[in-house]
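Presented below is the structure to which this report refers.
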Amino acid sequence: MSSLEGLFWKAEALRGRGYFSRCEPLYRKVLSSSPDRASLWFDSCLALASVKRSLGGVAEARELLRASASAAKDADQRQQLTLESALVDRAAGLYKKSLAKLQPFLIHYKREGDWVGAAYILWAMGGSLRFSGNLEGSRKAFLASLAYAGKAEDRSGQAYALFGLGGTCRIQGRFKEAEDYYARASRLLAGTDDVFGRAYAHCGLANVLRQRGMLGPAERNYHKAHRLYSLLEDAVDLAYVDWGLGKVCLHQGRLREAEKRFQQALKAFAKAGEARGMVLSEVSLAQLWHAQGKTTRAEALFDKACRRSRKAGLHAHLEIFT
């Protein structure tokens, strides 16, 4: 194995564990050093597009996809490009466009008996359906993803399908189901190298515990998630934890601390262009300001959040179970 290949596989190992910021410079080093290694260059460019997409850098991900397209040499590489393009569309909030690109992959993987692939596509589709407001369609997609991942004995795939089910059920107010799903996912990932997944399990569980009024356990799980996301330098998910902690503080009457958390989350979401997080933070801040008697200021921010949500094709301003 060459030194460049070694760098690439080290980056891949870091990416698989969720260390997106740490693997980015390794991919860039491969890209700058392997112009004559077409396959390695393509794989690194596409992987870096995935990293930027995961970090909220949709514009950068699209630039990398265009660069990857110029290096694609065969049908398999073009298929990889189309799939990543669908996931970038999903990250950008273009849910109908993403679903249209994902559907042929689902048909193909089912026809080929590739249950891992089918589970992954259904997981991606479940997210697009959830954020576009089709909650029951989302739940069914995640259930199907869970079934296919189970058929393939893919523990990671099962865990992420369970995360999806937990998130959709929470928004539907099905808290006990959601809590069970997060607990099952956590058991599947316990002791693994998937730091991101373990952080996600704590954050999802914290969300549903908060919604059930179990604020102490919720706060403890948020802090566990915060520690793990900090290891990953995951600014967007750290912002979701800050928002969740703000909600805990709000319901405990710790208004000054809640406002600090919401403002901190909003700043991070705005920097990353994370529309859903911005809407949730703005709505929460508006509610807090109204409680403080700053009603005019609260109304203006709430209206801004609603406009932002509609423009992005989201329904976050309507979610009472979030």
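Scope of the values below: all heavy atoms of this structure, side chains included, with no hydrogens, waters or symmetry mates.
In this structure a side-chain-to-backbone donor-acceptor pair under 3.5 Å is missing from Ser309 to Ala305. For Ser98 (side chain) and Leu87 (main-chain N/O), no donor-acceptor pair under 3.5 Å exists by modelled atom type. Side chain of Arg22 to backbone of Leu232: no donor-acceptor contact under 3.5 angstrom is found. The backbone N or O of Ser2 lies less than 3.5 Å from a partner atom in the side chain of Glu5, making a donor-acceptor pair. No donor-acceptor distance shorter than 3.5 angstrom exists from the side chain of Ser281 to the backbone of Met278, with no hydrogens or angles considered. Not one N or O on the side chain of Ser44 forms a donor-acceptor pair closer than 3.5 Å with the backbone of Trp41. Panel note: side chain Ser145, backbone Ala119; a donor-acceptor pair is recorded below 3.5 Å. Here the side chain of Ser33 pairs a donor or acceptor atom with the backbone of Lys29 at under 3.5 angstrom. In this structure, the side chain of His290 does not engage the main chain of Glu299 through any donor-acceptor pair within 3.5 Å. Looking at Ser186, its side chain never comes within 3.5 Å of a backbone N or O of Ala183 through a donor-acceptor pair.
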Show your working on ring pair (Phe, Tyr, Trp, His ring centres under 6.0 Å) between Tyr240 and Trp243 and close with a plain yes or no.
CA-CA 5 Å; Tyr240 275 111; Trp243 172 79; 7.1 Å; no

Go through the steps for Arg308 and Lys311 under the test side chain to side chain contact (heavy atoms under 4.5 Å, CB included), then give the verdict.
CA-CA 5 Å; Arg308 187 189 307 282; Lys311 183 178 179 181; 5.8 Å; no

Going through the checks in order, is the side chain to side chain donor-acceptor pair (under 3.5 Å) test met by Thr82 and Lys101?
CA-CA 7 Å; Thr82 302; Lys101 289 180 180 178; over 6 Å; no

Set out, in order, the CA-CA distance, both residues' side-chain angles and the distance that settles salt bridge (Lys or Arg N to Asp or Glu O under 4.0 Å) for Asp89 and Arg62, then state yes or no.
CA-CA 9 Å; Asp89 286 339; Arg62 290 202 189 284; 3.0 Å; yes

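When the shell of 6.0 Å around NZ of Lys294 is examined, it contains more than 12 heavy atoms from other residues, nucleotides or ligands. Within a 6.0 Å sphere centred on CD of Glu136, heavy atoms belonging to other residues, nucleotides or ligands number more than 12.
Put simply, CD on Gln80 and CG on Asp74 are 8.0 Å apart, with the number rounded to the nearest 0.5 Å. For the atom pair Gln158 CD and Leu189 CG, the distance stands at 10.0 Å (nearest 0.5 Å). Put simply, CG on Leu46 and CD on Gln77 are 9.0 Å apart, with the number rounded to the nearest 0.5 Å. Rounding to the nearest 0.5 angstrom, the gap separating the CZ atom in Arg170 from the CZ atom in Arg130 is 6.0 Å. Between the OH atom in Tyr148 and the CG atom in Asp114 there is a gap of 11.0 Å [rounded to 0.5 Å]. The line from NE2 of His223 to OG of Ser230 is 11.5 Å long, rounded to the nearest 0.5 Å.
At a cut-off of 3.5 Å, with distance as the only test, no side-chain donor of Ser132 or Lys96 sits close to an acceptor on the other residue. Side-chain polar atoms of Tyr182 and Arg187 form no donor-acceptor pair below 3.5 angstrom.
For the pair Arg15 and Glu12, the salt-bridge criterion is met [side-chain N within less than 4.0 Å of a carboxylate O]. Of the charged side-chain nitrogens involved, none lies within less than 4.0 Å of a carboxylate oxygen, so that Asp180 and Arg184 do not count as a salt-bridged pair.
Scanning all heavy atoms of the two residues, the minimum distance from Val241 to Ala225 falls at CG2-CB, 4.0 Å. What you find for Leu209 and Asn221 is that their closest heavy atoms are CD1-ND2, 3.7 Å. When all heavy atoms of Leu129 and Leu99 are compared, the closest pair comes out as CD2-CD1, 3.9 Å.
The only option from Arg210, His202, Arg261, Arg227 that meets the side-chain hydrogen bond (donor to acceptor under 3.5 Å, both in side chains) definition with Tyr222 turns out to be Arg210. Evaluated for a salt bridge (charged side-chain N to carboxylate O under 4.0 Å, His left out) with Lys52, the options Glu84, Glu24, Glu63 yield exactly one hit, Glu24.
Under the 6.0 Å distance and 45° angle rule, Arg90 counts as a cation-pi partner of Trp123.
One hydrophobic cluster, built from ILVMFWY side chains closer than 4.5 Å, cannot hold both Val283 and Leu255; they sit in different ones.
In this structure the side chain of Gln292 reaches within 4.5 angstrom of the side chain of Glu259, judged on heavy atoms. Side-chain contact check for Tyr95 versus Leu314: some heavy-atom pair is nearer than 4.5 Å.
Ring geometry for Tyr160 against Phe163 counts as perpendicular: the plane angle is over 60°, on a 0 to 90° scale with 30° as the lower cut.
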